[in-house]
Every structure is written in C-alpha cells, then in structure tokens.
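Down below is the structure, laid out as structure tokens.
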Amino acid sequence: MINKKNDVCSEIGLFILYAFGIPTICICIMNCIEEYDKGGLFTLILYGIEGASPALAAIFVKLQKQGVNGVKTFLVNKYKYSLSARLCVIGFCIPCIMITIGKMLTYLTPYNNQFIYSLSLKKIIIVMWALVAEELGWRGYLQEKIEAHVGDVLTPLIVGIIWTVWHFHFFISGSMEVPLHSFAYGCIAESYGYFVITKISKGNIVPASLWHFSGNLFTNIYRLNPNWNAGRMEPYMIVNTVYLFNFIIFVVWRCFTKREESIGMRGK
C-alpha cells in the first residue's frame, strides 16, 4: 500500500515537472528569438505548446510508466468511453450562461462596454486550442491521482491551485493582466464545476474540454478582462461572483451522490 502511494506521488511529481517545465523551456526560446520572430508563426507554435503542456505532461508520464499501449488506452478512456452528447451540450452551456449573466450584470454598473465583439482568426485559433490543450492533463490525469489521496472535497481546490500557478508563463509574458488573487478564485471555483461534470461523465473529458473552450470563448467575445476595460476590474469581478454557482453545483452533486450511496448501502 505504501509503495502504491509512493508511486502515485512520484507520478504526480513527474506530471508537475513536465507541465511546468515545458512552458519554461518555451519562454526561454521565445526570449531568444523575440527579436527575429515577434508575433510570428514560430512564436504562435511555442505559445500553443505552452498551452498544451498539461496534456503533453499526462501523455509523457503515461508513456514513461506504461508505454505506447498505456497512452492509447488512456486516450481512448478519456475521449471515447462514456461520451455523452447531452453532457457535451451541458458542458458548453454552463459557462456560456454564467458568463452571459455576468456580462448582463455589468450593464447595471457604469463599467460596461459593447455587448459582443468579433474575434480575429489568431484569437479564434488560440481559443479553440482549449478543446485539446489542458483538460487531458488537469481533469483527465491529475484530478484522478489527487482524488485517490484526499477525496472529493479537497481535490478541486488542490487542482485549482496548481492550475492557477501553472499560468505563471502567461503572467511572465504579459498576456495575463488579471490580478492573481482574482484569477486564483476563478480557477478554483471552476475546478469544482469541472470536477462534477467529469465525475458524471465517468472520466470522459470531452464535456470538460467544451466547458473550458466555452469559458474562454465568451470571456473573449464579451471582453471582460481588465485590459479590455481600461484596467477596470469590475466586469471581471462580476463574472467571478457568478462563478459561485460552481460551488453550488458541487454541493448539490455531492449531496445527491451521498444520498444515492446511502440508499445503496441500505439496499444491501
């Protein structure tokens, strides 16, 4: 039992090493080529590798521990088994509804802007990258490993904190202009929502990936971040407040799950 726990801990450590190490290498390369390729194709590719580092980390650990067949099984389990069209729609709609409500609430304040904006092709590519870049690592791999150690209540908190810190490379590059404490709250709150939909989908991460994509999409087309609002935090904070709904989703799911387990135990 002790050896098994040590193995899991070593896998988590290896995952974090890859997930944080890959963006660090990309940043170093970007700094070296900035003079020659600023905003160019190669920089965009490196940016994409940065964003995909959680998924790459999960694949590298699986490859190292279980070989090619282990990676194939992992990918099939996370993308094919228990795939539900209904949960995919729900995964896309929940952040869409929450962020839209947040956007509408900004119109009750002086700190609003145009309701919706078009996105450039480059921004569309970056936003769509969320469909494959992160959730295989965070919810497909790390969440399950941590849950085995600490249970369901603390797992989204821990994953949310790690997820927040992982964004260090975006803060360093200047592409993130949100205060860290506000950003951390959003990541942790969303992690509770991601946790629930991943559990309901029996580990399939497509609904969570659509959730991530939807959140990024509507944050961009509604222009809620401070850098789009003359540095004002109010629109972003209003949406963050709406993210309280993620905790409600988790509490309702957990109560329902515990009730079902209790009924099952009594039935035995």
Side-chain angles (χ1 to χ4, degrees), residues 11-68 70-79 119-145 159-178 180 183-184 186-187 190-191 194 198 205-206 208-217 219-220 225 227:
E11 285 191 32
I12 292 173
L14 195 57
F15 169 85
I16 291 174
L17 179 64
Y18 285 133
F20 283 72
I22 292 170
T24 302
I25 294 171
C26 289
I27 288 174
C28 292
I29 296 174
M30 283 183 185
N31 288 337
C32 292
I33 67 169
E34 183 177 13
E35 182 179 348
Y36 310 99
D37 191 63
K38 188 173 183 179
L41 178 60
F42 192 56
T43 299
L44 182 62
I45 291 171
L46 287 171
Y47 187 84
I49 294 172
E50 281 185 64
S53 59
L56 292 173
I59 291 171
F60 289 163
V61 174
K62 283 289 181 180
L63 185 63
Q64 190 168 333
K65 296 291 183 178
Q66 300 175 8
V68 174
V71 173
K72 289 179 180 178
T73 301
F74 176 61
L75 293 176
V76 169
N77 286 339
K78 297 305 171 185
Y79 285 107
L119 302 180
S120 66
L121 177 60
K122 182 178 179 180
K123 180 62 72 172
I124 291 171
I125 293 171
I126 291 172
V127 169
M128 290 191 68
W129 192 233
L131 287 169
V132 296
E134 295 187 41
E135 293 311 314
L136 182 65
W138 302 134
R139 260 52 68 166
Y141 183 84
L142 185 63
Q143 180 174 276
E144 290 185 0
K145 296 294 183 182
V159 173
I161 291 171
I162 295 172
W163 184 27
T164 300
V165 177
W166 170 81
H167 283 84
F168 77 94
H169 51 101
F170 294 131
F171 281 96
I172 290 174
S173 65
S175 57
M176 296 284 294
E177 298 183 5
V178 180
L180 182 59
F183 183 72
C187 286
E190 282 198 285
S191 288
Y194 284 132
T198 307
I205 63 161
V206 176
S209 298
L210 285 165
W211 185 313
H212 199 140
F213 163 69
S214 178
N216 286 1
L217 174 65
T219 296
N220 278 273
N225 287 345
N227 54 306

message: Side chains of Val159 and Arg139, heavy atoms from C-beta outward: is any pair under 4.5 Å?
response: yes
message: Tell me the closest heavy-atom pair linking Cys26 and Ile49, and the distance in Å.
response: SG-CG2, 3.7 Å
- prompt: So, the side chain of Thr164 versus the backbone of Gly160: is there a donor-acceptor pair under 3.5 Å, distance only?
  reply: yes
task: Would you check, one step at a time, whether the test side chain to side chain contact (heavy atoms under 4.5 Å, CB included) holds for Phe20 with Ile162?
output: CA-CA 10 Å; Phe20 283 72; Ile162 295 172; 4.1 Å; yes
Minimum-distance pair of heavy atoms, taken over all atoms of Trp129 and Gly51: NE1-C, 4.3 Å
field: Contact summary for His167 and Cys187, nearest pair of heavy atoms
entry: CE1-SG, 4.5 Å
statement: Sorted by chain and number, sequence neighbours left out, side-chain contact (heavy atoms from CB on, under 4.5 Å) with Gln66 holds for Lys62
message: Any salt bridge linking Glu11 with Lys145? Criterion: basic side-chain nitrogen under 4.0 Å from a carboxylate oxygen.
response: yes
message: Measuring only between side-chain heavy atoms, which start at C-beta, is Ile16 closer than 4.5 Å to Trp166?
response: no
task: Starting at CD of Glu144, measure out to CG of Leu142 and round the result to the nearest 0.5 Å.
output: 10.0 Å
- request: Could you tell me whether the side chain of Leu217 reaches within less than 4.5 Å of the side chain of Leu119, counting heavy atoms only?
  value: yes
query: CD/Glu50 to CE/Met30 distance, rounded to the nearest 0.5 angstrom?
result: 4.0 Å
- prompt: If you round to the nearest 0.5 Å, how far is CD1 of Ile161 from OG of Ser191?
  reply: 9.5 Å
task: State, to 0.1 Å, how close Phe15 and Pro54 come at their nearest heavy-atom pair, and which atoms those are.
output: CE1-O, 3.3 Å
task: Compare all side-chain heavy atoms of Met128 with those of Phe213 and state whether any distance is below 4.5 angstrom.
output: yes
CA sep, side-chain torsions, deciding dist, call: Leu14, Phe60, side chain to side chain contact (heavy atoms under 4.5 Å, CB included): CA-CA 9 Å; Leu14 195 57; Phe60 289 163; over 6 Å; no
message: Which label fits Phe170 and Tyr47: parallel for a plane angle under 30°, tilted from 30 to 60°, or perpendicular past 60°?
response: tilted
- prompt: Can you say whether the rings of Trp211 and Tyr194 are parallel (under 30°), tilted (30 to 60°) or perpendicular (over 60°)?
  reply: tilted
message: Rounded at 0.5 Å granularity, tell me how far CG in Leu63 sits from CG in Leu56.
response: 11.5 Å
message: Restricting to non-hydrogen atoms, name the atom on Val61 and the atom on Tyr141 that form the minimum distance, rounded to 0.1 Å.
response: CG1-OH, 3.2 Å
- prompt: Out of curiosity, Ile205 CD1 to Leu75 CG, how far, rounded to the nearest 0.5 Å?
  reply: 8.5 Å
Taking every non-hydrogen atom, the tightest pair across Lys78 and Gly140: CE-O, 3.1 Å
statement: Interatomic distance, CD1@Ile126 vs CG@Leu121, rounded to 0.5 Å, equals 10.0 Å
